[in-house]
Protein chains: 2
Amino acid sequence: MEKTPARLTAKPSWLLGQVAVHAHRLAADGFAAVGTRGYHYRILSALDEFGAASQADLGRRVAMDRSDVVATLNELAGQALVERTPDPDDRRRNIVTLTKEGARQLKRADQALDQVQDDLLAPLSAAERDALTGMLARLLAHHRQD
Amino acid sequence: MEKTPARLTAKPSWLLGQVAVHAHRLAADGFAAVGTRGYHYRILSALDEFGAASQADLGRRVAMDRSDVVATLNELAGQALVERTPDPDDRRRNIVTLTKEGARQLKRADQALDQVQDDLLAPLSAAERDALTGMLARLLAHHRQD
DNA sequence: TATGTATTGTTGGTGACGCCAACATTGGAA
DNA sequence: TTCCAATGTTGGCGTCACCAACAATACATA
């Protein structure tokens, strides 16, 4: 394997990005195995945990643009994993609901994704995994503001 | 700020991906400020550290697909940051060389990127930063094989 | 009450990255 | 000599992040 420039290797942003690429590949493979993908999983997760919600709320919860939520819901609704009905109390909004089949699909994706975490963190001890996720969570919280 | 599903928050792959998104945004802004972008920086870095190289070698060093190296070199050569000459010893290959101006551009990008590291890791202590980059480096080394 | 401001869903588009298939040319191994 | 591998190139695709504009609707405040 050819050597990577130290200029890159020394930069946390490079390491983060490259590890994220591998993580994304693992996750995408896991998702594909059950016929879904990242955006779908995000929406299904939010619906399962917080119940029915408007599209804008969904987007804010899972860090997706409004327009991407629309496209994703079109696909999910096409597979009957989700239902979209107008909100009678606010006619700008839709109320998005998780269907039984959607919940089942989420469960399948979840199992695939659990395996991914193990593969991703294989070289780290349990204590190291905790330390890593703790620091990442702090970084994310910090950057989600401002 | 709306709450994110625990299903996501609990997954290292999610945290990694989201932090990487913020890191990428910071880096892209820094790069844009000096008129460049990630792919350019990778190529310039490899040329600066290892000297002239073939396109295939460049791609392997900085984890870029052959075809993406071609496009990037077209742009870099268009700005005279790089020169592409046929290799007399192997007529399949090109020898790519960093120009004076290319080295200057690299230096500018480097300064921008150094600032990004600080912004990215702001919430972490020096010891934590080391621990984080150490673990990320191990993960990357592990996943670069197989 | 009227008027302006914000939010929502939607459409359509852009860009960075990562990746794949195919091809002609060339080098090297069997 | 024959087959296999590597190289540069073209052209395409998918995911994710993001932006601008629009009409409809809600809300605040003057």
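What you are looking at is a predicted structure, and each value in this text was computed from that prediction instead of being measured. Sequence lines set the chain letters: A, B, ... in the order given, protein chains first and strands last, and positions in each chain run from 1.
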Visitor: With distance as the sole test, does A:Ser54 use its side chain to make a donor-acceptor pair with the main-chain N or O of A:Asn94 at under 3.5 Å?
Guide: no
Visitor: What does B:Val21 touch in the nucleic acid at a heavy-atom separation under 4.0 angstrom: a base, only the sugar-phosphate, or nothing?
Guide: sugar-phosphate
Visitor: Quick one about B:Gln18 and A:Arg144 (side-chain donor to acceptor, distance below 3.5 Å, no hydrogens or angles considered), yes or no?
Guide: no
Visitor: Can you measure B:Leu58 atom CG to D:dT7 atom P for me and round it to whole angstrom units?
Guide: 11 Å
Visitor: Taking 4.0 angstrom as the limit, do B:Glu128 and A:Arg138 come out as a salt bridge?
Guide: yes
Visitor: Between C:dG27, C:dA16, C:dG18, spot the one nearest the side chain of B:Arg91, thanks.
Guide: C:dG27
Visitor: Shortest non-hydrogen contact from A:Leu139 to B:Pro123?
Guide: CD2-CD, 3.6 Å
Visitor: So, for B:Leu81 and B:Gln105, which heavy atoms are closest and what is the spacing to 0.1 Å?
Guide: CD1-CG, 4.0 Å
Visitor: Applying the 4.5 Å side-chain criterion to the ILVMFWY set and letting contacts propagate, would A:Leu124 and A:Leu16 be lumped into a single cluster?
Guide: yes
Visitor: Which of residues 28-40 of chain B sit near DNA chain C, with a heavy atom under 4.0 Å from it?
Guide: B:Arg37, B:Gly38, B:Tyr39
Visitor: Just by distance, with hydrogens left out, do B:Thr99 and B:Glu83 show a side-chain donor and acceptor under 3.5 Å apart?
Guide: no
Visitor: Using the 3.5 Å cut-off, write out each protein N or O paired with an N or O of nucleotides 7-10 of chain C and the distance between them.
Guide:
from   : atom 1 : to      : atom 2 : distance (Å)
C:dT7  : O2     : A:Arg92 : NH1    : 2.9
C:dT8  : OP1    : A:Arg60 : NH2    : 3.4
C:dT8  : OP1    : A:Arg93 : NH2    : 3.1
C:dT8  : OP2    : A:Arg60 : NH1    : 3.1
C:dG9  : OP1    : A:Gln55 : N      : 3.1
C:dG9  : OP1    : A:Asn94 : N      : 3.2
C:dG9  : OP2    : A:Ala56 : N      : 2.6
C:dG9  : O3'    : A:Asn94 : ND2    : 3.3
C:dG9  : N7     : A:Arg66 : NE     : 3.2
C:dG9  : O6     : A:Arg66 : NH2    : 3.1
C:dT10 : OP2    : A:Gln55 : OE1    : 2.8
C:dT10 : OP2    : A:Gln55 : NE2    : 3.0
C:dT10 : OP2    : A:Arg84 : NH1    : 2.9

Visitor: Do A:Lys107 and A:Asp110 sit within salt-bridge range, that is, some charged N less than 4.0 Å from a carboxylate O?
Guide: no
Visitor: Looking at every non-hydrogen atom in both residues, tell me the closest pair between B:Pro88 and B:Ile95 and how far apart they are.
Guide: CD-CD1, 4.4 Å
Visitor: Let me know the distance between CD of A:Gln18 and C1' of C:dA16, rounded to the nearest Å.
Guide: 13 Å
Visitor: In whole Å, I'd like the distance from the CG atom of B:Asp68 to the C1' atom of D:dT7.
Guide: 15 Å
Visitor: From CE of B:Met64 over to P of C:dC17, roughly how many Å is that when rounded to an integer?
Guide: 9 Å
Visitor: Counting only side-chain N and O atoms of A:His24, is one of them less than 4.0 Å from OP1 or OP2 of D:dT15?
Guide: no
Visitor: Quick one: on DNA chain D, does A:Asp87 or A:Ala63 contact a more 5' nucleotide (nearest heavy atom)?
Guide: A:Ala63
Visitor: May I ask you to evaluate whether A:Arg42 reaches the phosphate of D:dA17, defined as a side-chain N or O under 4.0 Å from OP1 or OP2?
Guide: yes
Visitor: To the nearest Å, how far apart are B:Ile43 CD1 and C:dC17 P?
Guide: 12 Å
Visitor: Nearest whole angstrom, please: distance from the P of D:dC16 to the CG of B:Leu8.
Guide: 12 Å
